[in-house]
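Chain A is the first sequence line, chain B the second, and so forth, proteins listed ahead of strands; every chain is numbered from 1. Scope of the values below: all heavy atoms of this structure, side chains included, with no hydrogens, waters or symmetry mates.
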2 protein chains.
Amino acid sequence: MATDQTRTAILIAAERLYAERGFSDVTLRDIVAEANVNLAAVNYHFGSKDELIAELFVTRSIALNRERLRELRAAEDAGGGRAEIGAILRALVGPILRGCLGPANQRSPVARFMIRASIESVPPIRRIKNKEIDHLRKFAAAMKRALPESSEVDLFWGLHFALAMAHHTIRESERLTKLSDGQCDLDDVEDVIGRVVRGAVLGLTMRVPTAKSTQKVAAREAR
Amino acid sequence: MATDQTRTAILIAAERLYAERGFSDVTLRDIVAEANVNLAAVNYHFGSKDELIAELFVTRSIALNRERLRELRAAEDAGGGRAEIGAILRALVGPILRGCLGPANQRSPVARFMIRASIESVPPIRRIKNKEIDHLRKFAAAMKRALPESSEVDLFWGLHFALAMAHHTIRESERLTKLSDGQCDLDDVEDVIGRVVRGAVLGLTMRVPTAKSTQKVAAREAR
DNA sequence: AATAGTTTCATACAATTGTTTGAAACGCAA
DNA sequence: TTGCGTTTCAAACAATTGTATGAAACTATT
């Protein structure tokens, strides 16, 4: 089987095209053209189109989850076993945001593929996706350790909203740029991560502000 | 042309199916079967599949935007010309959340169709969608009046995050239910709206909490 | 060199898609 | 009723899709 040249060429081409144009817009013929291989190669090496997609998704989601957990563990180690809430959420949303945003030339098809997969729910992926819940539970557990007084429901909502802000930012980055006339800088990934994490942390730790406290903040802001 | 029976039957069936199964999964034959009309009727009445989708989307996004603005105006009137930030965001995310969540039997295909449209970006919709930005600018302007001391960038991010939480909640409601073992109640729409609005308002009005203030909140929480 | 196993290739296949066609059915004014 | 414009219908069309086939090319072991 030599070096699996054809196989990996197909994987790379497929990931690139799917990430760029979405699943429904990309045909096997597009993929084999991009990979410079024969049409029949896909069915020969993967069995079917769906199995190709499934393999891509499994590989990539394992890698993403591993990176997230790596950062979570690092944060927990740094905090002596208990990570603080901001660090936990940063481990959750950081990897995907770093992969999808930033200067166009250094964005990875990997991360963008995962976003596509989370958007266009094609059958082969839908079947696998349930496992992601187990993965998220680990973060929920870490959050519970960080904020033991918070109710479970609030923690789940916080986790959910953090992912919401991250994913939506990736998907609608173009619109946000247009809406803000370029004022919102989507290339500054760490700033974006900071905003997402901060938004989620505030939601988890703060009470709703009174009119007075809002004014105070505004006043401090103005100085 | 009688009463446009066929035309409207197609529109209703198409909206239902698209909302349920997405654009890429629904064929014209599915639609005409659901509508109990002849296959050729779609091309006769709408010209093409894309024009059918476009007409659906235009109609619905006009209606949604009108409802949003109605609530915004109502909030501004109630506040004597200046709505407070929470009311503004509520006008932004309320209509779509009310349409998409709640008990399954009273969800409207209308709102779910709009979410589909915002997810699966098919060409006919992509072309129209730019107008939505003008619509959002009105909310950005209202937010600026409510929080004149905040920077424009922060306001845009707040608007963006509010939509992020709303849309993501709709799209991933099932996952959130599973993740939380049913603890997060997606049927209580007003509670969901409250959480989304509160999260966005906090991000817009509060500074990031220190470890000490977090403890204080936790302690207060515990009492 | 000969053979067996793997991989590639051009081509064909069957199914599905949106669209078109031309005749039939209908509605309704003259 | 006649005639005309509109609407419906069954059928066919052309294009595209994922998949299958069988021969050719290649690789590596004997």
**Study point:** Closest listed nucleotide, where the reference is the side chain of A:N43 and the choices are D:dT19, C:dT17, C:dT8
**Key:**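 The nucleotide sitting nearest to the side chain is D:dT19.
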Point to revise | Minimum-distance nucleotide (side-chain atoms of B:T6 versus D:dT7, C:dG18, D:dG18) | key: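 Of the candidates, D:dT7 comes closest.
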Rounded off to whole Å, could you give me the [atom1]-to-[atom2] distance for the [X] and [N] pair?
X: B:L17; N: C:dT17; atom1: CG; atom2: P; answer: 13 Å
X: A:K49; N: D:dA20; atom1: NZ; atom2: P; answer: 15 Å
X: A:Y44; N: D:dA23; atom1: OH; atom2: C1'; answer: 15 Å
X: B:F46; N: C:dG18; atom1: CZ; atom2: P; answer: 15 Å
X: B:Q5; N: D:dC9; atom1: CD; atom2: C1'; answer: 16 Å
X: B:I10; N: D:dC9; atom1: CD1; atom2: P; answer: 10 Å
X: A:L28; N: D:dA20; atom1: CG; atom2: C1'; answer: 13 Å
X: A:D25; N: D:dG18; atom1: CG; atom2: P; answer: 12 Å

Review point. Start at the 5' end of DNA chain D and walk down; is the nucleotide closest to A:D50 or to B:V37 reached first?
Key: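 Going by which nucleotide is closer to the 5' end, it is B:V37.
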Exercise for review: Please step through side chain to side chain contact (heavy atoms under 4.5 Å, CB included) for the pair A:L52 and A:L11, ending with a clear verdict.
Suggested key: CA-CA 8 Å; A:L52 164 62; A:L11 283 171; 3.7 Å; yes
Check your understanding: For the atom pair CG (A:L163) and CG (A:L92), what is the distance rounded to the nearest 0.5 Å?
Key ->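 If we round to the nearest 0.5 Å, A:L163:CG and A:L92:CG are 4.5 Å apart.
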Hey, can you pull the donor-acceptor pairs under 3.5 Å for the side chains in residues 94-102 of chain B, sequence neighbours left out?
| residue | atom | partner | partner atom | Å |
| --- | --- | --- | --- | --- |
| B:R98 | NH1 | B:E190 | OE1 | 3.4 |
| B:R98 | NH1 | B:E190 | OE2 | 2.9 |
| B:R98 | NH2 | B:E71 | OE1 | 3.3 |
| B:R98 | NH2 | B:E71 | OE2 | 3.2 |

Review point. Do any pairs count as a side chain to side chain donor-acceptor pair (under 3.5 Å) and have a residue in residues 25-36 of chain B, sequence neighbours left out, and if so which ones?
Key: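 Matches after skipping sequence neighbours: B:R16-B:E34, B:R21-B:D30, B:T27-B:D30.
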Dump the pairs, protein N or O against N or O of nucleotides 10-14 of chain D, anything under 3.5 Å, distances to one decimal.
| residue | atom | partner | partner atom | Å |
| --- | --- | --- | --- | --- |
| D:dA10 | N7 | B:N38 | ND2 | 3.4 |

Point to revise | A:E20/A:R112 ion pair, N-O < 4.0 Å | key: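 Answer for the salt bridge query: no.
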Point to revise | B:R73/B:D77 salt bridge by N-O under 4.0 Å criterion | key: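 Salt bridge between B:D77 and B:R73, a charged N being under 4.0 Å from a carboxylate O: no.
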**Study point:** Plane angle bin for A:F23 and A:F113 - parallel if under 30°, tilted between 30 and 60°, otherwise perpendicular
**Key:**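 It falls in the perpendicular class, over 60°.
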Review point. Within the structure, does a side-chain N or O atom of A:H45 lie under 4.0 Å from either OP1 or OP2 of C:dT8?
Key: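 A:H45 to C:dT8 OP1/OP2: side-chain N or O found under 4.0 Å.
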